[in-house]
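Computed from a prediction, not measured in an experiment: that's the story for all the values here.
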Amino acid sequence: MNRSSLTRSFLYAIQGIVACIRTERNMRIHCTAAAAAAASGIYFHITREEWLVLLLTIGGVISLELVNTAVEKAVDLVTEKPHPLAKFAKDAASGAVLVFACLSVVIGILIFAPYIRT
Ligand SMILES: Nc1ncnc2c1ncn2[C@@H]1O[C@H](COP(=O)(O)OP(=O)(O)OP(=O)(O)O)[C@@H](O)[C@H]1O
């Protein structure tokens with residue numbers, strides 16, 4: 001892979017992220033929550049280890065939402081007619097986001113609750 005094709009792949013990936021933020025309401029919710037968590041991390045001066053967990057969690061949710069959107073678009077490309085496999089694929093992909101998002105809330109509470117209490 002030469003340098004210009006590497007740059008092109010990078011630009012396509014950025015285009016994918018921007019398109020997802022523009023079109024997907026859930027993605028904008030995740031980005032807002034991520035910004036709020038990062039701002040809280042700065043405000044409370046959380047530790048290096050807490051930043052590692054927080055950043056991994058933010059990256060996980062946003063990456064999973066990108067994959068979920070990709071699955072939705074790919075399914076819609078194949079068929080927009082009701083189909084049990086289309087439902088299965090979309091529900092499983094959004095289930096993956098839901099699992100990670102719920103655990104992120106728990107992680108956020110575990111990180112920030114001690115700072116808020118003191
Ligand atoms: N072709 C289909 N066949 C059967 N069920 C479908 C189909 N398309 C969507 N569904 C059902 O409708 C739900 C919502 O699908 P839709 O494509 O509107 O996603 P969405 O509302 O944009 O999801 P998200 O909120 O995760 O972005 C799916 O999770 C699935 O249960």
Side-chain angles (χ1 to χ4, degrees):
M1 193 185 262
N2 63 32
R3 199 175 150 187
S4 77
S5 88
L6 195 68
T7 309
R8 235 180 300 131
S9 316
F10 181 76
L11 288 175
Y12 290 143
I14 299 289
Q15 279 176 13
I17 295 168
V18 170
C20 197
I21 292 170
R22 280 211 184 119
T23 61
E24 302 298 313
R25 189 202 54 198
N26 287 354
M27 182 62 160
R28 290 194 293 276
I29 293 171
H30 293 313
C31 288
T32 306
S40 306
I42 293 167
Y43 179 79
F44 288 116
H45 298 286
I46 62 174
T47 66
R48 180 186 159 85
E49 288 73 24
E50 287 166 339
W51 271 116
L52 289 175
V53 175
L54 192 66
L55 291 175
L56 270 175
T57 307
I58 289 171
V61 174
I62 289 177
S63 301
L64 272 179
E65 186 57 43
L66 286 163
V67 173
N68 177 43
T69 303
V71 169
E72 277 175 16
K73 301 297 176 199
V75 168
D76 287 343
L77 188 64
V78 174
T79 181
E80 294 213 39
K81 289 187 197 144
H83 192 288
L85 285 179
K87 178 173 168 51
F88 194 116
K90 284 189 176 187
D91 291 351
S94 56
V97 180
L98 181 66
V99 168
F100 211 101
C102 289
L103 290 176
S104 303
V105 171
V106 176
I107 288 169
I109 291 169
L110 289 174
I111 290 177
F112 291 112
Y115 291 96
I116 292 167
R117 257 192 269 127
T118 53

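With hydrophobic clusters built from ILVMFWY side chains whose heavy atoms lie under 4.5 angstrom apart, Leu55 shares a cluster with Met27. The hydrophobic cluster containing Phe100 does not contain Val106, counting ILVMFWY residues as joined when their side-chain heavy atoms lie under 4.5 angstrom apart, directly or transitively. Transitive grouping of hydrophobic side chains (ILVMFWY, heavy atoms separated by less than 4.5 Å) brings Ile116 and Ile42 into a common cluster.
Closest of all the heavy-atom pairs between His83 and Leu85 is ND1-N, 2.9 Å. Scanning all heavy atoms of the two residues, the minimum distance from Ala96 to Leu64 falls at O-CD1, 3.5 Å. Nearest heavy atom pair, residue Ala89 against residue Val71, reads O-CG1, 3.8 Å. Taking every heavy atom of both residues into account, Cys31 and Ile62 meet most closely at SG-CD1, 4.2 Å. Pairing each heavy atom of Ile46 with each of Phe112, the nearest pair is CG2-CE2, 3.8 Å. Closest non-hydrogen pair, Ile58 versus Ala34, comes out as CG2-CB, 3.5 Å.
Residues Leu54 and Ile107 are not in side-chain contact: their nearest non-hydrogen atoms beyond the backbone lie 4.5 Å or more apart.
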Quiz item: Which is it for Val97 and His30 under the side chain to side chain contact (heavy atoms under 4.5 Å, CB included) test, yes or no, and what are the steps along the way?
Solution: CA-CA 10 Å; Val97 180; His30 293 313; 3.6 Å; yes

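Every residue two or more places apart in sequence or in another chain was checked for a salt bridge (Lys or Arg N to Asp or Glu O under 4.0 Å) with Glu50, and none qualifies. Residues satisfying the ring pair (Phe, Tyr, Trp, His ring centres under 6.0 Å) criterion with Tyr115, sequence neighbours excluded, are Phe44.
Contacts classified as salt bridge (Lys or Arg N to Asp or Glu O under 4.0 Å) and involving residues 21-36 (residues at least two apart or in different chains) are given here: Glu24-Lys73. Within the structure, no pair that satisfies the salt bridge (Lys or Arg N to Asp or Glu O under 4.0 Å) test touches residues 92-104, not counting sequence neighbours. Within the structure, salt bridge (Lys or Arg N to Asp or Glu O under 4.0 Å) contacts touching residues 76-94 (residues at least two apart or in different chains) are Asp76-Lys90, Lys87-Asp91.
Checked options Val61, Leu56, Val99; the residue passing with Ser104 is Val61 (criterion: side-chain contact (heavy atoms from CB on, under 4.5 Å)).
Here the straight-line distance linking atom CG of Asn26 with atom CD1 of Ile21 works out to 13.0 Å at 0.5 Å rounding.
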Identify all side-chain donor-acceptor contacts of residues 12-20 below 3.5 Å with residues at least two apart in sequence or on another chain.
none

